[in-house]
Every structure is written in C-alpha cells, then in structure tokens.
Protein chains: 2
Amino acid sequence: MAEIDRIDRRILNRLQQNNRISNQALAEAVGLSPPACLRRVRRLREAGYIVSDVALVDPLKVGQRLNIIVEVEMTRDQLDIYDSFVRKMQAAPEVSQCYQVTGEVDFVLVVQVPDMQAYEAFARRDLASDPQLNKFRSLISLRREKFDTAIEL
Amino acid sequence: MAEIDRIDRRILNRLQQNNRISNQALAEAVGLSPPACLRRVRRLREAGYIVSDVALVDPLKVGQRLNIIVEVEMTRDQLDIYDSFVRKMQAAPEVSQCYQVTGEVDFVLVVQVPDMQAYEAFARRDLASDPQLNKFRSLISLRREKFDTAIEL
DNA sequence: GTTGAAAGCCAGTAACT
DNA sequence: AGTTACTGGCTTTCAAC
C-alpha cells in the first residue's frame, strides 16, 4: 500500500475519534459498503497506518494527578549513550512520552505520576543517577488542558 | 462507582493495550465470566474511567514528521487570559497536547506538524500574534522515542 | 458472582459486476 | 476497485441459581 486516498483518510479520522464504531456504521459514514470498508480497514492495520487500538483512561480518576515535562541535557552526544538512555526511558512506566530534540536540550520527557514523591523516586532512580546525564529541568503541571491523540488528515 | 478493585484494574490494563479484544477473551484473561466482565466494562465506561476508545495512527506514515515542544510564557497571570489561550490551543489542530505548568513557564505544548513551514504558520497564527504572550521557546524533535497512552494500574 | 439459553447483530467470506 | 447475499460466531440480554 503506497498511498491512501480520501476515503482512507475519512476512515482514519473516524477511527481516531472512536474505534468501537461498527463496520456497518463506519461504512455508511464514509460512503462504502460494509465489505469494501472492512477491506480498507484491514489494509490500514496491516500496512501500519493504524498502530494500535486502545482505551484511554482518565488519569485523574485513577489518581495520576501530576504531569511533569522534563528537559534532559546529556554530557556527550554519542549515539550509544543516547540509545541506552532511550531504552531506560522506554522501560520506565512513569515516562509516557520521550522526544529526542535538537539544540541545547537533548531529550524532553512527559512523565505521569500520582504525586511528587513518585516523581522524586523516578528522578533519583532513572535521572539523577545517570552519569551521562548532565542536568535536567522539571516543569510541573497540575492541569493537562488538552490531550488529543488524533492526527488531522 | 466509588472505587475500582483488582479485577477492574486488570480490565483497564488490558483495554489500554488493546481495546479490540473480544469480551470473551477479556473475560478469560481477567478470570471472569463474559456477562460479569461485560458489566464491569460498561460501568468503567459510564463512570468515566474509560474516556474514549481510539485507533492510534503512525504519524510518520501520514507525513507528520515533526514534533515540537513549545514553552510559552504569558505576560500576565490573569485567569481569563489563561482561559482564552487554552481555548485557542484546544481549537488548534496542530496542538496535540497542552499543559499548564508552574514556574517561569506558563504552558507547555506538544505540537505535531508535517514540516517547519506548517509550524511557522501555526506559530504566527496562534502564538506570535497573541498580545498576552510574552515569549515562547521551541524545541524541535525529529524522533518521538516513546509514546505510550497507557497508565500503569 | 455464575451458568445456560435465546435473540440479534455483525464480521467475514464467497461470488459476482 | 466495488456490491449483494449468505453464514457462522459473537455480543448482549435475560432468566435462574
């Protein structure tokens, strides 16, 4: 699958808002018959356009009150150091996102924790103890004003 | 629904990884009969623990190559100004996340765009033109190393 | 909470345009 | 690529326990 057309985009837009819609309803919404629609959805999944299908849980409802944006500055720019740091972040359950960035800062993390105690434990365990990590800055957030996983197509 | 128990947490963990699992398979995975499992899932949705069910699309596959983390500093700390800024960010399709933070910075945005041209257009339209916005700093990312929507329960 | 049964809808296939 | 027709299976509900 090299390209996606308007109908594929309509399908993806719908499924990004609600992936529990029935194939029948989706087909009607995008102007296709159910089997034709189902074939497209399968192709979009198999070709990797749709990475996964997930339920989104309200963090506040389960006691995750804090979001912390962390700017990380490494001591050196060697690729292997980057890799080991990235692997550590990928393994850390507190880290929900990790971006490698250009400029003075090397990484930006989005960390989600119940409280400051949990964040301090994470920072000690995975940040402060890292010899390759030069310094990091934490921006504390009590309000996540927007969280939208959909990509406009 | 005041509290959730171990079984609810197991259900949420599963559905955060894959919400297309059949109720039968989910029931078996968490050690419940299908009707009992279905009732719990319905309760979790109605009580707002599950906010939404979505398909996650690969940004690179659809040409969204850039993530930009933006630190925004406002000129004043009035609530009504915050609100109008938040509303603008919520309406902007480029902004996938917006966090109000404490400290020198007032907001952190996660912006997703195809290229720098699209980002500059957004920054001009929604940031630089805002008289209440003092300054902003953009951290450019070409690599999103981790993006996990699941909350560990 | 479980089982068992019944109803209805839907996914998925097949055959065809 | 698309549609129509069909079937098997699953979700979902309702009982009774």
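By convention in this document, chain letters (A, B, ...) are assigned in the order of the sequence lines, proteins followed by strands, and residues within each chain are numbered from 1.
Extent of DNA chain D lying under 4.0 Å from chain B heavy atoms, first and last nucleotide in 5' to 3' order, is dT11(D) to dT13(D). Of all nucleotides in DNA chain C having an atom under 4.0 Å from a heavy atom of chain A, the first and last in 5' to 3' order are dC10(C) to dT13(C).
Aromatic ring centroids of Y82(A) and F107(A) lie under 6.0 Å apart.
Non-hydrogen atoms lying under 4.0 Å from DNA chain C are contributed by L32(B), S33(B), P35(B), A36(B), all within residues 18-38 of chain B.
When every heavy atom of A92(B) is checked against every heavy atom of F122(B), the shortest pair comes out as CB-CE1, 4.1 Å. The heavy-atom pair separating D8(A) from D5(A) by the smallest distance is N-OD1, 2.9 Å. A55(B) and N19(A) get closest at one heavy-atom pair: N-CB, 3.7 Å.
Rounded to the nearest 0.5 angstrom, K88(B) NZ and S129(B) OG are separated by 5.0 Å.
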### Task
Starting from the C-alpha separation in whole Å, work towards a yes-or-no answer on side chain to side chain contact (heavy atoms under 4.5 Å, CB included) for F85(B) and M74(B).
CA-CA 9 Å; F85(B) 179 77; M74(B) 309 299 278; 3.9 Å; yes

### Task
Test side chain to side chain contact (heavy atoms under 4.5 Å, CB included) on V70(B) and Y119(B) and set out the steps.
CA-CA 11 Å; V70(B) 189; Y119(B) 179 64; 3.2 Å; yes

### Task
Just do the side chain to side chain contact (heavy atoms under 4.5 Å, CB included) check on I140(A) and M116(A) with the steps written out, would you?
CA-CA 9 Å; I140(A) 313 293; M116(A) 280 307 292; 4.0 Å; yes

### Task
Step by step, work out the side chain to side chain contact (heavy atoms under 4.5 Å, CB included) result for V72(A) and D106(A).
CA-CA 6 Å; V72(A) 177; D106(A) 292 301; 5.6 Å; no

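For R45(A), the salt bridge (Lys or Arg N to Asp or Glu O under 4.0 Å) partners two or more places apart in sequence, or in a different chain, are D53(A). With sequence neighbours excluded, the residues forming a side-chain contact (heavy atoms from CB on, under 4.5 Å) with K135(B) are E73(B), listed by chain and number.
With the 3.5 Å cutoff on both pairing distances, Watson-Crick and G-U pairs in DNA chain D assemble into runs of at least 3 at C:1-6 with D:12-17, C:8-17 with D:1-10.
Looking at K61(B), its side chain never comes within 3.5 Å of a backbone N or O of Y49(A) through a donor-acceptor pair.
Look at the C1' atom in both dA16(D) and dG8(C): the space between them is 22 Å, to the nearest Å.
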